[in-house]
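For reference, the structure I am asking about is given below.
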Amino acid sequence: QVQLVESGGGWVQAGGSLRLSCAASGRTFSNLVMGWFRQAPGQERMFVAVISSSGSSTYYSNSLKGRFTISRDNTMNTVYLQMNSLKPEDTAVYYCAAGRSGTYSIRRSDYDSWGQGTQVTVSS
């Protein structure tokens, strides 16, 4: 298991930006595939983005491509999610997750460690 702590959520007006951070400990971070998911009220937790262990590969939910950017700093054991041009429908709790056995995946079941989540609220 790896311990994950998200930060950087908050309230922002539509069109604004936020950068989420997720600090990891407990396993060798540079071996981990990392993902971001989000869950809006009354909805399932949905895939947002994934980044390979080295950071050389990324993949996004089609609906978010171009507005969100995932990145990582393996020297800081941290993964980031830069969110631009935010919309009210981006309002959700955002979770980072560590992939199981290095699997590069968009499926929740392929992640075995989760942070506590950070709330993002976008007002119109």
Side-chain angles (χ1 to χ4, degrees):
Q1 287 285 328
V2 59
Q3 290 73 49
L4 302 171
V5 179
E6 301 99 334
S7 61
W11 178 90
V12 64
Q13 288 189 320
S17 297
L18 283 175
R19 188 176 83 153
L20 306 183
S21 300
C22 173
S25 62
R27 276 162 53 186
T28 304
F29 183 72
S30 58
N31 292 340
L32 297 173
V33 170
M34 297 297 297
W36 284 97
F37 291 75
R38 70 183 185 182
Q39 188 167 17
Q43 298 185 22
E44 292 187 356
R45 195 171 298 186
M46 304 295 291
F47 168 77
V48 172
V50 59
I51 188 166
S52 63
S53 57
S54 67
S56 61
S57 296
T58 58
Y59 185 81
Y60 299 89
S61 168
N62 283 338
S63 63
L64 302 175
K65 200 178 302 183
R67 295 194 298 123
F68 287 18
T69 303
I70 188 171
S71 62
R72 67 191 294 158
D73 184 341
N74 284 350
T75 66
M76 298 292 291
N77 291 352
T78 301
V79 62
Y80 305 97
L81 185 69
Q82 177 68 44
M83 305 185 294
N84 298 329
S85 302
L86 283 162
K87 305 175 182 180
E89 52 263 43
D90 294 318
T91 295
V93 177
Y94 285 73
Y95 298 88
C96 70
R100 188 190 314 274
S101 302
T103 303
Y104 188 75
S105 172
I106 69 171
R107 299 184 303 182
R108 284 179 297 168
S109 60
D110 287 326
Y111 293 82
D112 61 358
S113 296
W114 295 83
Q116 82 287 351
T118 186
Q119 176 71 46
V120 171
T121 303
V122 184
S123 66
S124 57

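Along the sequence shown, residues are numbered consecutively beginning with 1.
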- Item | Set of residues satisfying side-chain contact (heavy atoms from CB on, under 4.5 Å) with respect to E44, sequence neighbours excluded | M46, R108
- Item | Contact summary for I70 and T58, nearest pair of heavy atoms | CG2-CG2, 3.6 Å
- So, for E6 and Y94, which heavy atoms are closest and what is the spacing to 0.1 Å? OE2-O, 3.9 Å
- Atom of Q1, atom of S113 and distance for their closest heavy-atom approach: OE1-OG, 3.1 Å
- Item | Any residue meeting side-chain contact (heavy atoms from CB on, under 4.5 Å) with R67, in chain and number order, not counting sequence neighbours | L64, S85, K87, D90
Ignoring hydrogens and angles, write down the donor-acceptor pairs under 3.5 Å from the side chains of residues 76-84, residues two or more places apart or on other chains.
residue	atom	partner	partner atom	Å
T78	OG1	M76	O	2.8
Q82	NE2	N84	OD1	2.9
N84	OD1	S17	OG	3.0

- Item | Residue pair A40 / A92: nearest heavy atoms and the distance that separates them | N-CB, 3.8 Å
- Task: For F37, check ring-ring contact (aromatic ring centres under 6.0 Å, His included) against everything at least two apart and list the hits.
- Result: F47, Y111, W114
- Item | Beyond-backbone contact of V120 with R38, side-chain heavy atoms, under 4.5 angstrom | no
- Qualifying disulfide (SG to SG under 2.5 Å) pairs with a residue from residues 45-76, counting only residues at least two apart or across chains: none
- Note on the structure: Sorted by chain and residue number, the side-chain contact (heavy atoms from CB on, under 4.5 Å) partners of S63 (sequence neighbours excluded) come out as S61
- Item | Between CD on residue E89 and OG on residue S124, distance to nearest 0.5 Å | 10.0 Å
- Task: Using the test side chain to side chain donor-acceptor pair (under 3.5 Å), find all partners of D73 that sit at least two apart in sequence or belong to another chain.
- Result: T75
- Message: Please enumerate all residues that pass side chain to side chain donor-acceptor pair (under 3.5 Å) together with T103, with sequence neighbours excluded.
- Response: none
- Name all pairs fulfilling the disulfide (SG to SG under 2.5 Å) condition that reach into residues 32-75, sequence neighbours left out, sorted by first residue then second. none
- Task: Compare every heavy atom of R100 with every heavy atom of D112, then report the nearest pair and how far apart it is.
- Result: CB-NH1, 3.5 Å
- Message: Restricting to non-hydrogen atoms, name the atom on A98 and the atom on L32 that form the minimum distance, rounded to 0.1 Å.
- Response: CB-CD1, 4.3 Å
- Message: Set out, in order, the CA-CA distance, both residues' side-chain angles and the distance that settles side-chain contact (heavy atoms from CB on, under 4.5 Å) for L86 and F68, then state yes or no.
- Response: CA-CA 9 Å; L86 283 162; F68 287 18; 4.0 Å; yes
- Item | Residues forming a side-chain contact (heavy atoms from CB on, under 4.5 Å) with S56, sequence neighbours excluded | S52, S54
- Task: Verify the cluster assignment for V33 and W36: are they in a single hydrophobic cluster under the rule of side-chain heavy atoms below 4.5 Å apart?
- Result: no
- Task: Give a yes or no on whether L18 and I51 share a hydrophobic cluster (residues Ile, Leu, Val, Met, Phe, Trp, Tyr; joining criterion: side-chain heavy atoms under 4.5 Å apart).
- Result: yes
Show me the side-chain donor-acceptor pairs of residues 19-27 shorter than 3.5 Å, one per line, residues at least two apart or across chains.
none

- Set of residues satisfying side chain to side chain donor-acceptor pair (under 3.5 Å) with respect to Q119, sequence neighbours excluded: T121
- Query: Hey, does the side chain of Y104 reach the backbone of S53 with a donor-acceptor pair shorter than 3.5 angstrom?
  - Reply: no
